[in-house]
Amino acid sequence: MPRKTNFRPDYDEDYNDDYGDYDDYVGYDDKEHGLSTKGKTSQQDKALNKPVIWSCYICTYDNEQSFLSCEICGVLRDPSVASGKASDAKALAKPVFGATDEKNRTTKVKINDNISAALSDERQMDHSSASFAQAVQLNQTKGKNSKFNKNTLPSLTNDVDCLKIETNVIRKKEDSLDDSKPGTELLHDQEQGKQVQLNLAIVGHVDSGKSTLSGRLLHLLGRISNKEMHKYEKEAKEKGKGSFTYAWAMDESTEERERGVTMTVAVAYFNSKKYRVVLLDSPGHKDFVPNMISGAAQADAAVLVIDASVGSFEAGMEGSGFGQTREHAQLMRSFGVEQLIVAINKMDLVAYKKERFDFIKTQLGSFLRSCGFKESNVTWIPLSAMANQNLVTASSDARLSSWYRGLCLLDVIDSLQPPLRDVSKPLRLPICDVTKLHTLGMVAVSGKLEAGAVQIGSKVLVMPSGEFASVRSIERDSSACSTARAGDNVAVNLHGIDPIHLIPGGVLCHPDFPVAVAARLELKILVLDIKMPIIIGSPVEFHIHHVKEAARVVKIVSVVDQKTGKVSKGAPRVLKSKQNAIVEVELDGAVCVEEFTKCKALGRAFLRSSGNTIAVGIITRIFEQNA
């Protein structure tokens, strides 16, 4: 900032001095502007006797010795500043703004307030007809003060604007970070009056009636109209599959209808008295267990459907790998599902005999206990989906109502305990499916929100690509919503990202808390019923949330005692059925994972071989990729 001189500037001879008109101006009143008039002398006397001045350490304006504050910016006079001493305004202002004591902090507030006032209204120094610049020139012609440098005020303005810009930059960065984080209001359920969402998986052996049960339930609750059911019935009869009428409400693809089996997880919705239920109809054929794992892993509770007819129940309990009742029960428990409804279906084929119901309950009950299900969390219910017995109302058939006094299926669903949600944890949304929209630059991903919360406008990090995207819109239960919380099954529309970076098995996460991406993991596993032992080098299929990756066992660390959890044998050569062990696996490609203690949904893993699940476990350690 240029130093002000104590004399009049030397203008060019041809300079048009418009300010000369104010030499004889008498309208400026010092008293009116709060300026001291004590000791006033004539202009000629002042020219001979120049007053002692002090320089403002903020704007460097030269003020009379008698002034206690700067005439321009209003800053209080600093007694330590010597009269007439040349100084740099920025150098003097720096210690003022950087001071830490209370006195300087008070001065700082006054300085900012006065500068802002000077810049905004020029401290109202203009008279009724005189401007701020004219009033300054008047003081110069009377010889009271030195010429006011017109560069001073713009310089001060620029300095203050810089401070404002820097503040705005910091504020924008903070706002950007706040946009990425779920707001505090998302940590609490703001949707008062709305039902809690329950993700309910329908699992069981092939041909046990899972899709028929789901379709019948949806029809009874009004989710499928009578017109649609007549259409399904007509189409099914034309194909010679009249008994598949309700199943076709869930199995919509041509291949599924021709083969008569569910191949992918069908999703449907209905409302009970207590819950907003997301129905996950899972395939029962052993060839489609990977699809079942991908879909049913989202479940909070499960309905295990059993075919009560003679021979069908026994086939589902076979240990040779073809009995999907056993495998599905083991998988559901390894998914973390604790609440289980055992729906013994097709009771009409065995004349609703209580003896058959008790036999199945005894045989299956002991196996479920071995899987880790508690008896208090398992509910047994006899029903018939085709005959509409004991689904949404109590059974009307006397053969069943004579000995069963329990709840119907819908009431049993309402009796389930609400699941716990990790809303306060960082965002985790494993991608189940990716859909490219016709809208330019838009792509939708769907899946269950495992942790955290997300809202429209949120910034998310897509792993494993490491690309950022913004949430354009959210759909829950096929309806638009502004926010989604942990536990919700949603479709999130993203923009600002190339669809090539979005793949099933990827994860949407908080920008500040990315999920780990690794190819070597340490697992604590439970070996299931296997024919061939697991050895070092055994090839396996590694399944976790919506990812399937080829892998091999590279190290067997130890065998763990199932009761105590302590190491019973170190570095064994082989692993046999029913053993608990710690192993290291190496994947052909890196996947998004987390330790089980941090996120359960991303920390549960399954090992399969030759079409059978050979082990289930959790991730206890993640090795860095360069390790």
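Predicted model only: the values in this text are computed from it and were never measured.
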Q: Should the pair Arg223 and Phe270 be classed as cation-pi, given the thresholds of under 6.0 Å to the six-membered ring centre and 45° from the axis?
A: no
Q: Please lay out, stage by stage, how Leu410 and Leu221 fare under the test side chain to side chain contact (heavy atoms under 4.5 Å, CB included).
A: CA-CA 10 Å; Leu410 188 61; Leu221 295 174; 3.8 Å; yes
Q: Please evaluate residues Glu450 and Leu602 with respect to the criterion side chain to side chain contact (heavy atoms under 4.5 Å, CB included), reporting the C-alpha separation (whole Å), side-chain torsions for both, the decisive distance (0.1 Å), and the verdict.
A: CA-CA 9 Å; Glu450 297 291 353; Leu602 298 180; 5.6 Å; no
Q: Mark yes or no for whether Lys448, through its side chain, and Gln298, through its backbone, hold a donor-acceptor pair below 3.5 Å.
A: yes
Q: To the nearest 0.5 angstrom, please state how far the CG atom of Leu198 sits from the CG atom of Asn271.
A: 11.5 Å
Q: Could you check whether any side-chain heavy atom of Val267 comes within less than 4.5 Å of a side-chain heavy atom of Leu280, counting everything from C-beta outward?
A: yes
Q: What's the separation between atom CG in Asp307 and atom CD1 in Ile360, rounded to the nearest 0.5 Å?
A: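 Taking CG in Asp307 and CD1 in Ile360, the distance rounds to 8.0 Å.
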Q: How many angstroms lie between atom CG of Leu521 and atom CZ of Arg621, to the nearest 0.5 angstrom?
A: 11.0 Å
Q: Do the side chains of Arg369 and Glu375 get close enough for a salt bridge, i.e. N-O under 4.0 angstrom?
A: yes
Q: Which pair of non-hydrogen atoms, one from Pro511 and one from Pro514, has the smallest distance, and what is that distance?
A: O-CD, 4.2 Å
Q: Would you say Asn345's side chain and Lys210's backbone share a donor-acceptor pair under 3.5 angstrom?
A: no
Q: Decide if atom NZ of Lys600 counts as having more than 12 heavy atoms of other residues, nucleotides or ligands within a radius under 6.0 Å.
A: no
Q: Sort out for me which residue in Gln197, Arg421, Gln417 forms a side chain to side chain donor-acceptor pair (under 3.5 Å) with Asp300.
A: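 Running side chain to side chain donor-acceptor pair (under 3.5 Å) over Gln197, Arg421, Gln417 with Asp300 returns exactly one hit, Arg421.
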Q: Is there side-chain contact between Ser558 and Val560, with at least one heavy-atom pair below 4.5 Å?
A: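 Yes. Closest side-chain heavy atoms under 4.5 Å.
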Q: Taking all non-hydrogen atoms of both residues into account, name the closest pair between Met347 and Ser384 and its distance.
A: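 Taking every non-hydrogen atom into account, N-CB, 4.4 Å.
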Q: How long is the straight-line distance from CD of Gln389 back to OH of Tyr404, given to the nearest 0.5 Å?
A: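 Spacing of OH (Tyr404) from CD (Gln389) equals 12.5 Å.
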Q: Run the side chain to side chain contact (heavy atoms under 4.5 Å, CB included) check on Met332 and Val203 step by step: do they pass?
A: CA-CA 9 Å; Met332 293 311 302; Val203 298; 3.9 Å; yes
Q: Between Lys286, His328, Arg326, Arg608, which is the residue that forms a side chain to side chain donor-acceptor pair (under 3.5 Å) with Thr613?
A: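 The single option meeting the side chain to side chain donor-acceptor pair (under 3.5 Å) with Thr613 is Arg608.
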Q: Without swapping roles, check the side chain of Asn390 against the backbone of Pro382 for a donor-acceptor pair under 3.5 Å.
A: yes
Q: Hey, what do you get for CG (Asn493) to CD (Glu475), rounding to the nearest 0.5 Å?
A: 6.0 Å
Q: Begin from the C-alpha positions of Asp414 and Ser272 and carry the test side chain to side chain donor-acceptor pair (under 3.5 Å) through to its verdict.
A: CA-CA 7 Å; Asp414 277 333; Ser272 66; 2.6 Å; yes
Q: Do other residues, nucleotides or ligands put more than 12 heavy atoms under 6.0 Å from Gln562 CD?
A: no
Q: Side-chain contact, heavy-atom cut-off 4.5 Å: Val583 with Leu575?
A: yes
Q: Would you say Leu213 and Leu383 make side-chain contact, with heavy atoms under 4.5 Å?
A: yes
Q: Are the side chains of Gln324 and His285 in contact, using a 4.5 Å heavy-atom criterion?
A: no
Q: Closest heavy-atom contact between Ile622 and Ala516?
A: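 Closest heavy-atom pair between Ile622 and Ala516: CD1-CB, 4.0 Å.
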Q: As a quick check of understanding, evaluate side chain to side chain donor-acceptor pair (under 3.5 Å) for Ser446 and Asp433, giving each step before the final call.
A: CA-CA 5 Å; Ser446 59; Asp433 194 16; 4.7 Å; no
Q: Between Thr264 and Asn291, do the side chains contain a donor N or O and an acceptor N or O under 3.5 Å apart?
A: no
Q: Hey, are the side chains of Val265 and Pro283 touching, using non-hydrogen atoms and a 4.5 Å cut-off?
A: yes
Q: Is a side-chain donor or acceptor of Arg216 paired with a backbone partner of Tyr246 at a separation under 3.5 angstrom?
A: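 Flag not set: sc Arg216 to bb Tyr246 has no pair under 3.5 Å.
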Q: Using modelled atom types and a 3.5 Å cut-off, is there a donor and acceptor pairing between side-chain atoms of Arg333 and backbone atoms of Gly372?
A: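 Confirmed, Arg333 side chain pairs with Gly372 backbone.
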Q: Which atom names give the shortest non-hydrogen contact between Cys408 and Thr393, and what distance separates them?
A: CB-O, 3.5 Å
Q: For Asp488, is there an ion pair with Arg276 - N to carboxylate O distance below 4.0 angstrom?
A: yes
Q: Answer yes or no: is there a donor N or O on one side and an acceptor on the other, between the side chain of Glu549 and the main chain of Gly589, under 3.5 Å?
A: yes
Q: Tell me whether Gln579 contacts the main-chain N or O of Val527 through its side chain, where contact means a donor paired with an acceptor under 3.5 Å.
A: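 Not a single qualifying donor-acceptor pair exists.
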Q: Applying side chain to side chain contact (heavy atoms under 4.5 Å, CB included) to Phe513 and Leu427, what does each step give before you reach the verdict?
A: CA-CA 8 Å; Phe513 301 94; Leu427 172 65; over 6 Å; no
Q: Are Phe542 and Leu523 side-chain neighbours, meaning at least one heavy-atom pair lies under 4.5 Å?
A: yes
Q: Check whether any side-chain heavy atom of Glu338 sits under 4.5 Å from a side-chain heavy atom of Lys374, and report yes or no.
A: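 Side-chain contact under 4.5 Å: no.
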Q: What's the spacing between Arg428 CZ and Leu508 CG if we round to 0.5 Å?
A: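 Between Arg428 CZ and Leu508 CG, I get 10.5 Å after rounding to 0.5 Å.
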Q: Spell out, as yes or no, whether a donor-acceptor pair under 3.5 Å connects the side chain of Asp561 to the backbone of Lys563.
A: yes
Q: Considering non-hydrogen atoms only, spot the tightest contact between Pro533 and Ser538 and give its length.
A: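 Closest pair (atom of Pro533, atom of Ser538, distance): O-OG, 4.5 Å.
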Q: In a check of side chain to side chain contact (heavy atoms under 4.5 Å, CB included) between Asn580 and each of Val559, Leu526, Ile525, which one passes?
A: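 With Asn580 as partner, Val559, Leu526, Ile525 yield a single side chain to side chain contact (heavy atoms under 4.5 Å, CB included), made by Leu526.
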Q: Taking all heavy atoms of Gly215 and all of Ala249, pick out the closest pair and write down the distance.
A: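 Distance-wise, the nearest heavy atoms are CA-CB, 4.3 Å.
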Q: Would you say Arg257's side chain and Asp251's backbone share a donor-acceptor pair under 3.5 angstrom?
A: yes
Q: Between His543 (side chain) and Lys548 (backbone), is there a donor-acceptor pair under 3.5 Å?
A: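 The answer is no, because no donor-acceptor pair under 3.5 Å joins these two groups.
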Q: Is there a donor in the side chain of Ser211 and an acceptor in the side chain of Asp281, or the other way round, less than 3.5 Å apart?
A: yes
Q: Are there more than 12 heavy atoms of other residues, nucleotides or ligands under 6.0 Å from atom NZ of Lys578?
A: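 Buried by this count: over 12 neighbours within 6.0 Å.
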